Amino acid sequence: MRRRLPTGLFARSLLIIILPMLILQTVVTFVFMERHWQMVTERLSAAVTRDIAALIEIIETYPNDPDYANVVRIAREKLDMTISVEPGGQLPAPRPKPFFSILDQTLSDQINQQIHRPYWIDTVGDSQLVEIRIQLPDKVLRIFAQRNQAYASNSHIFLVWMASTSLVLIIISTLFLRGQIRPILLLAKAAESFGKGQKPPENFSPRGADEVRRAGLAFIQMRERIERQIEQRTAMLTGVSHDLRTILTRFKLQLALAGDSPDLEYLNKDVDDMQTMLEGYMAFARGEAEEDVGKVKLSTILENLRNEFVLHGKDYSYTISGDDNLAVRPNAFTRLVGNLASNARRYAQTLRIEAVHDAKWLTLHFDDDGPGIARESREDVFKPFYRLDEARNLDASGTGLGLAIARDIARTHGGNVTLSDGPLGGLRATVRIPA
């Protein structure tokens, strides 16, 4: 049942309204059909049967009327029936009983209870008349009565009114629900856009019920606080970067003036390492948060990596399935792909990239034939400045920020980066972000 039920709030709200209404109508209709309709039909049929019984009593009490003209007149004028008396007549063969007919069953029961004579009735068809034949001792009484005299034929009006009213109520409820749910959908869309690092819709403003308005206002305030915090962090890091770079520049100048003494070689190396770590930390902390979303071609980004692999004598290839155009932050996404490709180039001989872009997700698989990463360390490598080896040389091990920056960029796009065993025997890095 859960798998077949709709998942949207609008559809579920409609079900909450429509299902009780349908159940109520079903119960009311059943009670009406079973009680009121049948009771009215029984009373009407009983009245018609009493009239017929009275006509039979008149015919048998006053047999001197040769053509029964008075009885025919009384039946026509007072009882709204057309009758005829057929001397020596016989009843036709019994007709097959209809599968479902309240009138046929009710009228037959009343004739059996009140008249106690052989009879034949015809209630089938769309005719407005009901034909009844009663077997008398030497003749047959043939009666044509109006159908609505013995049958509650206008009961369908109740069903029509009930169905029409329900339809109007459902339409009103649908319009009302659409107006109430639209602000929730706009809030969800704005939150999703903000989670992907995109600008929220310009027309977004808290609307709808009080609870939805409070949720929308809380989201706007949260977004403003986060944006203000990012701006303050970026401004602070820009100042820190400027100050540290100024000090490093003075260190480099003083070391250059000191000459090429072998004793200063390690100090120069430490200054270069500090410069590399500073640049890596600034890039990680900044996270390219200020970049706007743009259109790029995935094939262009992947093709630009080929020269680097050819230069280092490594094997590189890629395949793309689906749309080649992407709506991402161009520089950040290029850096995400470049960091993962650089890790594979550093530790493996072969890199295969498989890209699948469908209507909902963009998935990139980076498969290499390197030594891989142990399962227990696959989450630790995403921590800033975490390195698997103990090398002190940053050229050998990097700054420990490549995967951290890659996951940070993927998450700002609303996705993630995960590691697993690759089909080439090495590591598989999977990037999955919403399309």
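Computed over heavy atoms, backbone and side chain alike; hydrogens, waters and symmetry mates excluded. Fair warning: this is a prediction, and the values are worked out from it, not measured in the lab.
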Look up atom [atom1] in [X] and atom [atom2] in [Y], then write down how far apart they are to the nearest 0.5 Å.
X      : Y      : atom1 : atom2 : value
Leu248 : Leu253 : CG    : CG    : 12.5 Å
Gln110 : Gln105 : CD    : CD    : 11.0 Å
Arg178 : Leu14  : CZ    : CG    : 8.5 Å
Phe309 : Arg345 : CZ    : CZ    : 6.5 Å
Ser13  : Leu177 : OG    : CG    : 5.0 Å
Ile23  : Ile18  : CD1   : CD1   : 12.0 Å

Is [Y] close to [X] at the side-chain level, that is, under 4.5 Å between some pair of heavy atoms?
X      : Y      : value
Arg182 : Gln180 : no
Leu305 : Val337 : yes
Asp368 : Leu424 : no
Ser108 : Tyr119 : yes
Thr430 : Thr363 : yes
Ile52  : Ile115 : yes
Pro118 : Leu91  : yes
Arg133 : Ile143 : no

Practice task
Ignoring hydrogens and angles, state whether a donor on the side chain of Gln113 or Asp109 is under 3.5 Å from an acceptor on the partner side chain.
Solution key: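 No, no side-chain donor-acceptor contact under 3.5 Å.
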
Using 4.0 Å as the upper bound for N to carboxylate O, is an ion pair formed by [Y] and [X]?
X      : Y      : answer
Arg411 : Asp408 : no
Arg378 : Glu376 : no
Lys297 : Glu303 : no
Asp367 : Arg352 : no
Arg375 : Asp421 : yes

Practice task
Under the salt bridge (Lys or Arg N to Asp or Glu O under 4.0 Å) rule, collect the residues that match up with Asp369, sequence neighbours excluded.
Solution key: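 Residues passing salt bridge (Lys or Arg N to Asp or Glu O under 4.0 Å) with Asp369: none at all.
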
Practice task
Tell me, please, whether Tyr316 has Arg306 positioned over its six-membered ring: NZ or CZ under 6.0 Å from the ring centre and within 45 degrees of its axis?
Solution key: no

Using every non-hydrogen atom in the two residues, find where [X] and [Y] come nearest and quote the distance to one decimal.
X      : Y      : result
Ala410 : Ile433 : O-CG2, 3.9 Å
Arg207 : Pro183 : O-CB, 3.3 Å
Gly216 : Leu187 : CA-CD1, 3.9 Å
Ile170 : Met21  : CG1-SD, 3.9 Å
Pro434 : Gly415 : CD-N, 3.9 Å
Glu354 : Arg428 : OE1-NH2, 4.3 Å

Please answer whether the main-chain N or O of [Y] pairs with a side-chain N or O of [X] as donor and acceptor at a distance below 3.5 Å.
X      : Y      : result
Asp122 : Glu131 : no
Thr412 : Ile409 : yes
Asn339 : Leu403 : no
Trp120 : Ile134 : no
Gln229 : Glu224 : no
His413 : Ala332 : no

Practice task
Look at atom CZ of Arg117 and say whether more than 12 heavy atoms of other residues, nucleotides or ligands are closer to it than 6.0 Å.
Solution key: yes

Practice task
Give a yes or no on this: more than 12 heavy atoms of other residues, nucleotides or ligands lie within 6.0 Å of atom CZ of Phe144.
Solution key: yes

Problem - Asn416 vs Arg407, side-chain hydrogen bond (donor to acceptor under 3.5 Å, both in side chains): CA-CA, chis, key distance, verdict - result: CA-CA 6 Å; Asn416 198 8; Arg407 173 171 277 188; 3.3 Å; yes

Problem - Check against side chain to side chain contact (heavy atoms under 4.5 Å, CB included), Asn343 and Phe366 - result: CA-CA 10 Å; Asn343 282 347; Phe366 294 77; over 6 Å; no

Practice task
Would you check, one step at a time, whether the test side chain to side chain contact (heavy atoms under 4.5 Å, CB included) holds for Phe333 with Leu326?
Solution key: CA-CA 10 Å; Phe333 186 79; Leu326 303 179; 3.6 Å; yes

Handout entry: Name of the residue among Val130, Leu44, Leu79, Asp80 meeting side chain to side chain contact (heavy atoms under 4.5 Å, CB included) with Gln149
Key =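 It is Asp80, the one option of Val130, Leu44, Leu79, Asp80 that forms the side chain to side chain contact (heavy atoms under 4.5 Å, CB included) with Gln149.
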
Exercise for the section: Please determine which of Val328, Ile405, Val417 meets the side chain to side chain contact (heavy atoms under 4.5 Å, CB included) test together with Leu336. Expected result: Val417

Exercise for the section: Before giving the answer on side chain to side chain contact (heavy atoms under 4.5 Å, CB included), spell out for Ser342 and Glu308 the whole-Å C-alpha distance, their side-chain angles and the decisive distance to 0.1 Å. Expected result: CA-CA 9 Å; Ser342 297; Glu308 184 178 356; 4.0 Å; yes

Problem - Test log, rule side chain to side chain contact (heavy atoms under 4.5 Å, CB included), inputs Thr165 and Leu167 - result: CA-CA 5 Å; Thr165 305; Leu167 181 60; over 6 Å; no

